[in-house]
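For reference, the structure is listed below as structure tokens.
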2 protein chains.
Amino acid sequence: MSLPHALLGLLAVRPSSGYELAKAFEGDLGRYAWQAGHTSIYPELGKLAERGLVEVTHEGPRGSRTYAVTPEGRDELRTWLLTPPRQAAKVRNERVLRMFLLSVLDPADALEVLRRITEHTAAEAAELRRIRSDAGPVVAPGAEGFGQLAAEYGLRQYEAVHSWALWAIEQLESRAAAAS
Amino acid sequence: MSLPHALLGLLAVRPSSGYELAKAFEGDLGRYAWQAGHTSIYPELGKLAERGLVEVTHEGPRGSRTYAVTPEGRDELRTWLLTPPRQAAKVRNERVLRMFLLSVLDPADALEVLRRITEHTAAEAAELRRIRSDAGPVVAPGAEGFGQLAAEYGLRQYEAVHSWALWAIEQLESRAAAAS
DNA sequence: GAGCGCATGTAATATGTTACATGATTCA
DNA sequence: TGAATCATGTAACATATTACATGCGCTC
């Protein structure tokens, strides 16, 4: 259960309201690492506050409450990040599941899906490269670290899947040739 | 909710008992794509059987029941695989979450974790390459497709994370140099 | 003042995890 | 015959999703 740590991490970057945290999960975070909706975030913030790991530092308009990590919360987060997970963390990724199950389709269908994957991953990677070159070299020390980490991860991710799909297509085609 | 489709997919490769399916999730599948324990598998098999997507084809010793996909189940699986997910599938991956949150640690701690990541991913990738070369070229057409897909995916995955971690280390070090 | 986005929440339902529970078969 | 593994399941608890619900504040 990593939601509390995800929240501590986001709040360690910048104090935020539950609403802002929910937005964060819709971006790169939810795309590559962890997702959560506001209906799980609000109760979890309550629990973290009870445990003294976060606190409300500001109340704004429309009943908004800005939370920040406490020193205890920062300790907890640091310990969690520095302690290697005892067991290889398991994963839930529907995209990858779909990829693996392609082998049960007949070759024509599988090829069709694999081609879609190569197109999609190429487009996403190109977009990330474009953004990166627009942004220019990273200078601001410490700032924006999070988004940069995510973007570079995403780029390598799409490249890896792209290369995998090309390999899979080649396999399928060479098998088809061998069978004929 | 992808568990039913994961089960249909596994059973489409080969009819199996709930116990065998549970084992499958402990391997590459659970490592890269989707995890599930036996306590969710057994009830789900029951539901799939009720919906007519799988059926018991054999009862063995120790009360074991072998399930197989029905034609309806195969249709359902094919439709699911060929229909692109309307919305970008979200992800739950604790390892990636940990990677992204590294930016909240102080540089010395972050570097330590990043070095561990480079070592770990290099070792895993090397292991996968070793297995691949042991296995020799893939010849059996159709057979073993699943494990091969997973192994090649895993290899590219570890290479991607390795390269990402090296990039992140470089970033951190150049920032440290700029700040001094 | 109408509509949109901000901002928070609860309730019902579904799903997943942990702990508990049982018994058969195989192999040393 | 004792231990390990096969094989299935239930119950209690934790967590996540979906639907519902409310109201403020800003902008046109």
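All figures in this text were calculated on a predicted structure; none of them were measured in a lab. Proteins get letters first, then strands, A, B, ... in listed order; numbering begins at 1 in each.
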**OP:** Using whole Å, report how far CG of B:L7 lies from C1' of C:dG16.
**Re:** 14 Å
**OP:** Identify, between A:S17 and B:Q35, the residue whose nearest nucleotide on DNA chain C lies closer to the 5' end.
**Re:** A:S17
Subject >> Side chain of A:M1 (C-beta onward), nearest among C:dT8, C:dG16, D:dT15 >> reply: D:dT15
**OP:** Return the residues of residues 22-31 of chain A meeting this criterion: a heavy atom under 4.0 Å from some atom of DNA chain D. Order them by number, or give none.
**Re:** none
Original post:
From the list C:dT8, D:dG9, D:dA16, which nucleotide is the closest neighbour of the side chain of B:R92?
Top reply: D:dA16
Subject >> Atom-pair distance (CG on A:L21; C1' on C:dA7), nearest Å >> reply: 12 Å
**OP:** Kindly say whether A:E159 contributes a backbone atom to a donor-acceptor pair with the side chain of A:S163 at under 3.5 angstrom?
**Re:** no
Original post:
Is A:Y42 near enough to C:dG9 that one of its side-chain N or O atoms lies under 4.0 angstrom from OP1 or OP2?
Top reply: no
Original post:
What integer distance in Å separates A:E44:CD from C:dG9:C1'?
Top reply: 15 Å
For nucleotides 20-26 of chain C, which of its nitrogen or oxygen atoms have a protein nitrogen or oxygen under 3.5 Å away, and what is each distance?
none

Subject >> Crowding at CD, B:E72 (>12 non-hydrogen neighbours, <6.0 Å) >> reply: yes
Original post:
Looking only at side chains, do A:H162 and A:T121 share a donor and an acceptor under 3.5 Å apart?
Top reply: yes
**OP:** With DNA chain D as reference, determine whether A:L3 or B:E20 sits nearer its 5' end, using the nearest nucleotide of each.
**Re:** B:E20
**OP:** Might you point out which heavy atoms bring B:D28 and B:G147 nearest each other, and give the distance in Å?
**Re:** OD2-O, 4.3 Å
Original post:
Which of parallel (below 30°), tilted (30 to 60°) and perpendicular (above 60°) describes A:Y158 and A:H120?
Top reply: perpendicular
Original post:
Between A:L45 and A:G18, what is the shortest heavy-atom contact and its length?
Top reply: CD1-CA, 3.8 Å
Original post:
Whole Å only: how far is the NE2 atom of A:H58 from the C1' atom of C:dA7?
Top reply: 13 Å
Subject >> d(CG, B:L48; P, C:dT15) in whole Å >> reply: 11 Å
Subject >> salt bridge (charged side-chain N to carboxylate O under 4.0 Å, His left out): pairs with one or both residues in residues 107-123 of chain B, sequence neighbours excluded >> reply: A:R78-B:D109, B:E112-B:R116, B:R115-B:E173
**OP:** Taking only the side-chain nitrogens and oxygens of B:Y19, find out if one of them lies under 4.0 Å from OP1 or OP2 of D:dC6.
**Re:** yes
Subject >> Between C1' of D:dT15 and CG of A:L45, the distance in whole Å >> reply: 15 Å
Original post:
Of the candidate nucleotides D:dT8, C:dG9, D:dT17, which contains the atom at the shortest distance from the side chain of A:R65?
Top reply: C:dG9
**OP:** Have a look at B:V54 and tell me which of B:L8, B:T70, B:L7 forms a side chain to side chain contact (heavy atoms under 4.5 Å, CB included) with it.
**Re:** B:L8
Subject >> Residue closer to the 5' end of DNA chain D, A:S2 versus A:G63 (nearest nucleotide) >> reply: A:S2
**OP:** Quick one: sort the B:Y153 and B:Y32 rings into parallel, tilted or perpendicular, breaks at 30° and 60°.
**Re:** perpendicular
Original post:
Could B:R130 and B:E127 be called an ion pair, given the rule that one side-chain N must be under 4.0 Å from one carboxylate O?
Top reply: yes
**OP:** Please report, rounded to the nearest Å, how far the P atom of C:dG9 is from the NZ atom of A:K47.
**Re:** 14 Å
Original post:
What is the distance, rounded to the nearest whole Å, between atom CD of A:E59 and atom P of C:dG9?
Top reply: 10 Å
Original post:
Taking for each residue the nucleotide of DNA chain C with the nearest heavy atom, is it A:P43 or B:G37 whose nucleotide lies nearer the 5' end?
Top reply: A:P43
